[in-house]
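Just follow the structure's listing: the first ligand is 1, and inside any ligand the first atom is 1.
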Amino acid sequence: MIPFAEALARIADHVSPLGTETVPLAEASGRRLACDLTARRAAPRAPVSAMDGYAVIEAATQPGRAIAVIGEAVAGRRFEGRVGEGEAVRIFTGAPMPEGSDYVIMQEYATRTGDSVTFAEGYGPAGHVRAMGSDFDAGDVLVPAGTLLNARAMIGAAAADVAEVEVAVRPRVAIIGTGDELAVPGSAHAVRDAIPESVSYGVTALVEEAGGCVVHRAKCPDDLDVLTRAAGEALVCADLVIVTGGASVGDRDFAKPMFKPHGLSVIIPKVAIKPGKPVWLGKARGKIVLGLPGNPTSAMVTGALFLRPIFQALGGANASHRWHSLPLAAPLKATGGRETFVRARFDEGGLVPIGNQDSGAQAALLEADWLIRCPPDQAALAPGSTVTAVSF
Ligand SMILES: Nc1nc2c(c(=O)[nH]1)N[C@H]1C(S)=C(S)[C@@H](COP(=O)(O)OP(=O)(O)OC[C@H]3O[C@@H](n4cnc5c(N)ncnc54)[C@H](O)[C@@H]3O)O[C@H]1N2
Ligand code: MOO
């Protein structure tokens, strides 16, 4: 059994990048960026209006005095002339500010009569002008290499004005669920002693969130021959094979033995964490194999803690977690001899450990969106204490 920090270090040491490919921007969502994306132009490229209204010279404008409207500026087509004192240009949101103007009065304060406009009291103090470069400058790195292109990052990528992006090759993942008791969801109720196979569904979602693609799924009984064949098939079609269950010490725990004939070398044997100490990592036929414990909560906790760094490493990024220092809003129990990841939810006042900390829990997972990282033998903590946590 090795400490969690050592397990993360071994992932960084043993999991190599799969390489990169270029894809059209429209297909880049969910992919991991391989190179920095740099802005070709500032945004805005010139000062622009933030409102629909009238562009004027602030110092030369006063409420109640009619001024001449000399033209129009729209987003994508500027007014080519110059605004002078006592003049206004009709302007719309996003339009470049006409030369000479420095201020936009919202149309809600304007009364238009033919070619002149009068403004009501109270239009200030904001001038509603977005300064050139106020969003970003030419040459700024908008999206750094290694970023998983989520919704917000896609905006930055497109704003960088690129048609295609270089991304990490999407890891192909196979998931093998092991256990005689497992039935396809929808069929378990009809079979005595069967349970719905839930873990692979959660693991699939974790894989997809991390930028991977599940290419193969199998659900196998605890039969070493069957499992060994399943391991062989999975190793052919995937870059990463995830096997769930059978990781412990029971007579029918075959997760490691099923990979032995395929040349398994163990990188992480088990990890001194709670829950999930049976989690393991190895390599077989040049592919990464991750073994997750069968208990659903243990599988999700270890999945979250290990899949993220594995995908980062496969994608050529630094393998790391984003740890947060957050306050406790409820008491936290003392930890035992293993580093412990307490499932918690975030309330207004801070983190609240959820009631059911059983590693076999399924229903309680829905409540928990944070993991509190507790060192071994930590004393009980009172509300208000600061803890280290990672999103779950
Ligand atoms: N004598 C010992 N027993 C156990 C130890 C130990 O150190 N000594 N470790 C315990 C810990 S910790 C865990 S975690 C579990 C993990 O065991 P396995 O990885 O071998 O998991 P299974 O025995 O196959 O299953 C455990 C539990 O989870 C259910 N399960 C399994 N797969 C799924 C699935 N895909 N979907 C839903 N539920 C699943 C299974 O039915 C069992 O109830 O071992 C402890 N034992
Ligand atoms: O560590 Mo196991 O994953 O607690 O039940």
Checklist entry - Has ligand 2 got any nitrogen or oxygen that is less than 3.5 angstrom from a nitrogen or oxygen of Pro275? => result no

Checklist outcome for this item: Note: Ala299, heavy atoms under 4.0 Å from ligand 1, region reported as neither

Checklist outcome for this item: Near Ser198 (heavy-atom distance under 4.0 Å), the atoms of ligand 1 are 36 (N), 37 (C)

Item to check | Check: Gly246 N/O within less than 3.5 Å of ligand 1 N/O | outcome: yes

Item to check | Ligand-side contact atoms (ligand 1) for residue partner Ala247, heavy atom cut-off under 4.0 Å | outcome: 18 (P), 19 (O), 20 (O)

Checklist entry - Side chains of Glu58 and Thr61: is there a donor and an acceptor less than 3.5 Å apart? => result no

Next on the checklist: Which residue and atom name correspond to the protein heavy atom nearest atom 23 (O) of ligand 1, and how close is it?
Outcome noted: Asp253 OD1, 4.1 Å

Next on the checklist: Please check: side-chain N/O of Thr302 versus main-chain N/O of Leu292, any donor-acceptor pairing under 3.5 Å?
Outcome noted: no

Item to check | Residue pair Ile2 / Pro269: nearest heavy atoms and the distance that separates them | outcome: CG2-CD, 4.4 Å

Next on the checklist: Would Arg217 and Tyr201 count as a cation-pi pair here, with the cationic atom under 6.0 angstrom from the ring centre and within 45° of the axis?
Outcome noted: yes

Item to check | Proximal candidate to atom 15 (C) of ligand 1 [heavy atom criterion; set Asn295, Val243, Val199] | outcome: Asn295

Item to check | From Glu181, Glu197, Lys274 - option closest to atom 42 (C) of ligand 1 by heavy atom | outcome: Glu181

Item to check | Shortest non-hydrogen separation from Ala304 to Phe392 and the atoms involved | outcome: CB-CD1, 3.9 Å

Item to check | Shortest protein contact, atom 1 (O) of ligand 2 (heavy atom only) | outcome: Gly276 N, 2.6 Å

Checklist entry - Do Arg90's NZ or CZ and the ring of Tyr54 fall within the cation-pi criteria of under 6.0 Å and 45°? => result yes

Next on the checklist: Need the ligand 1 atom indices (1-based, order shown) with element for anything under 4.0 Å from a heavy-atom of Lys277.
Outcome noted: 6 (C), 7 (O), 9 (N), 12 (S)

Checklist entry - Within 45° of the six-membered ring axis of Trp370 and under 6.0 Å from that ring's centre, is NZ or CZ of Arg343 located there? => result no

Checklist entry - N/O of Ser200 under 3.5 Å from N/O of ligand 1, yes or no? => result no

Checklist entry - Which of the atoms of ligand 1 are close to Val249, meaning less than 4.0 Å from one of its heavy atoms? => result 1 (N), 2 (C), 8 (N)

Checklist entry - With only distance considered, is Lys274 within less than 3.5 Å of ligand 2 through an N or O on each side? => result no

Checklist outcome for this item: Among Ser248, Gly294, Pro278, closest by heavy atom to atom 5 (C) of ligand 1 is Ser248

Item to check | Closest contact, heavy atoms only, Met97 versus Asp102 | outcome: CE-C, 4.0 Å

Checklist entry - Is the closest side-chain donor-acceptor distance between Glu166 and Thr22 under 3.5 Å? => result no

Item to check | Nearest protein heavy atom with distance in Å, relative to atom 5 (O) of ligand 2 | outcome: Ser359 OG, 2.4 Å

Item to check | Per-atom contacts, ligand 1 versus Ser298 - under 4.0 Å to a heavy atom | outcome: 14 (S)

Item to check | atom 38 (N) of ligand 1 [closest protein heavy-atom partner, distance rounded to 0.1 Å] | outcome: Ile195 CD1, 3.5 Å

Checklist entry - Would you say Lys270 contacts ligand 2, with heavy atoms under 4.0 Å as the rule? => result no

Checklist entry - Is there at least one pair of N or O atoms, one from Arg338 and one from ligand 1, spaced under 3.5 Å apart? => result no

Item to check | Pick from Gly294, Ala361, Ser298: the one approaching atom 2 (Mo) of ligand 2 most closely through a non-hydrogen atom | outcome: Ser298

Checklist entry - Gly245 heavy atoms, cut-off 4.0 Å: which ligand 1 atoms fall inside? => result 19 (O), 21 (O), 24 (O)

Item to check | Distance filter under 4.0 Å to Asn295 heavy atoms, resulting ligand 2 atoms | outcome: 5 (O)

